[in-house]
Amino acid sequence: MRWSQFYLFTTREVPSDAEVVSHRLMIRSGMIKKVAAGIYTYMPYGWRSLQKLSTIVRRELEAAGATELSMPAVQPAELWEESGRWQEYGKELLRIQDRHNRDFCFAPTAEEVITDIVRRDVSSYRQLPINLYQIQEKFRDEIRPRFGLMRGREFLMKDGYSFHTDDASLDDSYQAMQQAYCRIFEACGLEYSVVEADTGNIGGSSSHEFMVLAETGESAVVRCAECHYAANTEKATTRGLLAPPALPANERQLVPTPGAKSVEEVSTLLQIEPSQVVKTLLYETEDGLVAALVRGDREINEIALTNHLGVQHLTLASEEKVRAATGAPVGYAGPVGLDESIRQVADSSVRELDGWVCGANQGDAHYTGCRWERDAGTVEWADILLVEPGDPCPKCGRPLDGFRGIEVGHIFKLGTKYSEKLSCTFLDNEGQSHSMPMGCYGLGIGRTVAAAIEQNHDEDGIIWPRPLAPFEVLVNVLNPKDPEVSAAADAIYASLREAGVDVLYDDRDERPGVKFKDADLIGIPVRIVVGGRSLAQGTVELSHRRDRERHAVAPDAVVSRVLEWLSADSG
Ligand code: ATP
Ligand code: MG
């Protein structure tokens, strides 16, 4: 491709909302263009990279036995009503109406449509298992679209679905997909980790996420170096957290704590550790108020709490609601004497406390010396502590390491959640009818490319891993107006194309400085510079974007050297 004919305009202008480096570099290198919040055009240079990834994804999925199809982006509400998600899915679901006022949505995912397809075609165990996927635009009306393609509203996702006769068959496909994902991310040259994950509103019994390690990642992950337990902190648990020393508990006392609302203030005032306080947070849910209790020095895992409660919506209660429920301002709630109609869920970490301190459900007062059996009302115990790096591994007890990651893929065992609701059944070899166990497998195409840039860049621009590079080789002619130089560059370009190399030919009539800067910015892995001075010595210059070390090579040796370099750099 000749740059002079290609549509690629780099820019120095970076929008103020571009907080992460991949977003800035994608804008600057002309890969994407914003149309509205979280909605982007994939410009030709960016589209090529998304296509390269899609090709890798297709290759690995087909090898693992999956078949591609393409479903509509606009889906009828009836199917979503059948699954119950028309009501359950929150504001992220973009609901639209046609001219007859019929309800539709723009697909955020496609369990309903695929299940409808399979229930119409498949009736016998002989037709199973089935594994289908598509690569298609999704829409989710994210509350905070940001980071460019990393968290868009419209975004390109590969979504796959499998259908089975039994759980053993589902396990097999799940394993096969997990391995295919590993091969995909390895083929992209990414540093990643597979972690246990929460199943979210997609539902199901078991799930793993694929995390690309990056400082700017939105997900927090803990991992055990000893036994390799790894989990998203939304899902992670811990066991054997050291309990703080017990405090005197012979009798409970009401003590004045004027103005001390936070755990910090209370523990300073009473000269105790924050961990000896039972922190009580009130949440609103569709089933009413809930009190969540956790050690004063720790945070609540709201996902775990939501799952334990089995609710759809969970938000911190407003100040008025707290006041109405406890009779006290925010900061003084506690499990002692709390209105019995409020469901109380306590983390296992506070169970071992003795002589603990809590808000007294009245302004400017706390209780000290509390005991669970004697003082608290009915409490449900659950693991709702947000696990932090340093906490003991739930499997082997070694302190967990923490890191940040970008979730690029997510696979789930759905079980029969959708097949039951949509009556997607088959007859077994004895003529008995069963719902099909299902799996589903998502992979963010745009997010993965963004993650690759997060991991591969320097201060001058992108350093593409070859498999995702929009082009593999850049030929840069320094003085295109010089007929001799331009003829030599044309010849190199032609012979590289002939050899099947994916090459961008910077034949623009621009100053060398501009071309070098652009080359660094757009980050094509191999660069060939053709200029008058080196040609006079019978050479052109080859370099890798990664180290930019220059190698003088005779023009007729360029193709073989480039092919050598490319095959050595498989990712
Ligand atoms: P997140 O927790 O980041 O919101 P999710 O759990 O909602 O993601 P899934 O439903 O598991 O995402 O979607 C499968 C994959 O699609 C994700 O692993 C991610 O790579 C990609 N993805 C999800 N939401 C977005 C988005 N808003 N923008 C870009 N890619 C996304
Ligand atoms: Mg997810």
Side-chain angles (χ1 to χ4, degrees), residues 20 22-23 26 32 34 36-40 42 46 50 53-54 57 61 85 88-94 106-112 114 133-161 174 177-178 180-182 184-185 188 190 192-204 206-214 216-221 231-235 301-303 306-307 404-414 417-418 439-454:
V20 296
S22 60
H23 187 187
M26 278 184 162
I32 56 171
K34 184 168 164 180
I39 301 179
Y40 291 86
Y42 308 125
L50 299 177
L53 175 56
S54 302
V57 168
L61 290 181
R85 286 207 293 184
E88 281 170 19
Y89 219 106
K91 290 186 172 163
E92 280 188 16
L93 186 66
L94 181 64
F106 198 102
T109 169
E111 283 79 9
E112 284 79 2
I114 196 91
Y133 76 96
Q134 65 174 349
I135 297 178
Q136 182 230 33
E137 289 293 320
K138 302 290 181 297
F139 195 96
R140 294 182 185 176
D141 203 352
E142 300 273 357
I143 189 165
R144 239 189 117 198
R146 57 183 187 157
F147 301 165
L149 298 194
M150 203 96 87
R151 183 168 296 284
R153 292 199 294 166
E154 183 171 328
F155 58 95
L156 193 58
M157 194 215 283
K158 170 256 145 182
D159 47 325
Y161 308 87
Y174 189 84
M177 287 300 109
Q178 182 160 343
Y181 273 45
C182 290
I184 291 166
F185 296 121
C188 295
L190 292 170
Y192 71 99
S193 184
V194 188
V195 308
E196 289 180 20
D198 180 66
T199 50
N201 64 4
I202 303 245
S206 138
S207 133
H208 287 87
E209 285 169 341
F210 293 76
M211 292 283 180
V212 165
L213 314 188
T216 50
E218 290 183 286
S219 305
V221 170
N232 190 317
T233 52
E234 290 179 348
K235 169 80 178 176
N301 179 345
E302 294 183 352
I303 305 271
T306 306
N307 291 344
R404 299 209 64 86
I406 300 167
E407 179 207 316
V408 288
H410 197 168
I411 60 176
F412 305 75
K413 284 184 198 168
L414 293 171
K417 173 171 170 166
Y418 293 92
C440 87
Y441 317 98
L443 190 154
I445 301 290
R447 191 183 281 184
T448 300
V449 169
I453 296 176
E454 286 296 321

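All ligand and atom numbering here is 1-based and tracks the order in the structure.
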Do the side chain of E454 and the main chain of S22 share a donor and acceptor less than 3.5 angstrom apart? yes
Any side-chain heavy atom of Y133 within less than 4.5 Å of one from K158? yes
Heavy-atom donor-acceptor pair, R404 side chain to G217 backbone, under 3.5 Å: yes
Is a side-chain donor or acceptor of R140 paired with a backbone partner of P108 at a separation under 3.5 angstrom? yes
Non-hydrogen atoms of G446 versus ligand 1: any pair closer than 4.0 Å? no
For atom 1 (P) of ligand 1, which of the options R151, E218, R140 provides the nearest non-hydrogen atom? R151
Mind checking whether G444 has an N or O less than 3.5 Å away from an N or O of ligand 1? yes
Contacting atoms of ligand 1, where contact means under 4.0 angstrom from a heavy atom of E142: 24 (N), 26 (C), 27 (N)
Considering only heavy atoms, does M150 approach ligand 1 within less than 4.0 Å through its side chain, its backbone, both, or neither? backbone
Would one find an N or O of G152, backbone or side chain, under 3.5 Å from an N or O of ligand 1? yes
Within-4.5 Å side-chain heavy-atom neighbours: Y40 and F155: no
Region of E407 engaging ligand 1 - heavy atom pairs below 4.0 Å: both
Looking at H410, which atoms of ligand 1 are within less than 4.0 Å of one of its heavy atoms? 6 (O), 11 (O), 18 (O)
Please enumerate all residues that pass side chain to side chain donor-acceptor pair (under 3.5 Å) together with E154, with sequence neighbours excluded. none
So is L149 close enough to ligand 1, meaning a heavy atom under 4.0 angstrom away? yes
Taking a cutoff of less than 4.0 Å between a non-hydrogen atom of the residue and any ligand atom, is V408 in contact with ligand 1? yes
Does any non-hydrogen side-chain atom of N232 lie less than 4.5 Å from one of D198? no
Is it the case that D159 and Q134 place a side-chain donor and acceptor less than 3.5 Å from each other? yes
Below 4.0 Å, non-hydrogen atoms only: which portion of T109 touches ligand 1? Side chain, backbone, both or neither. neither
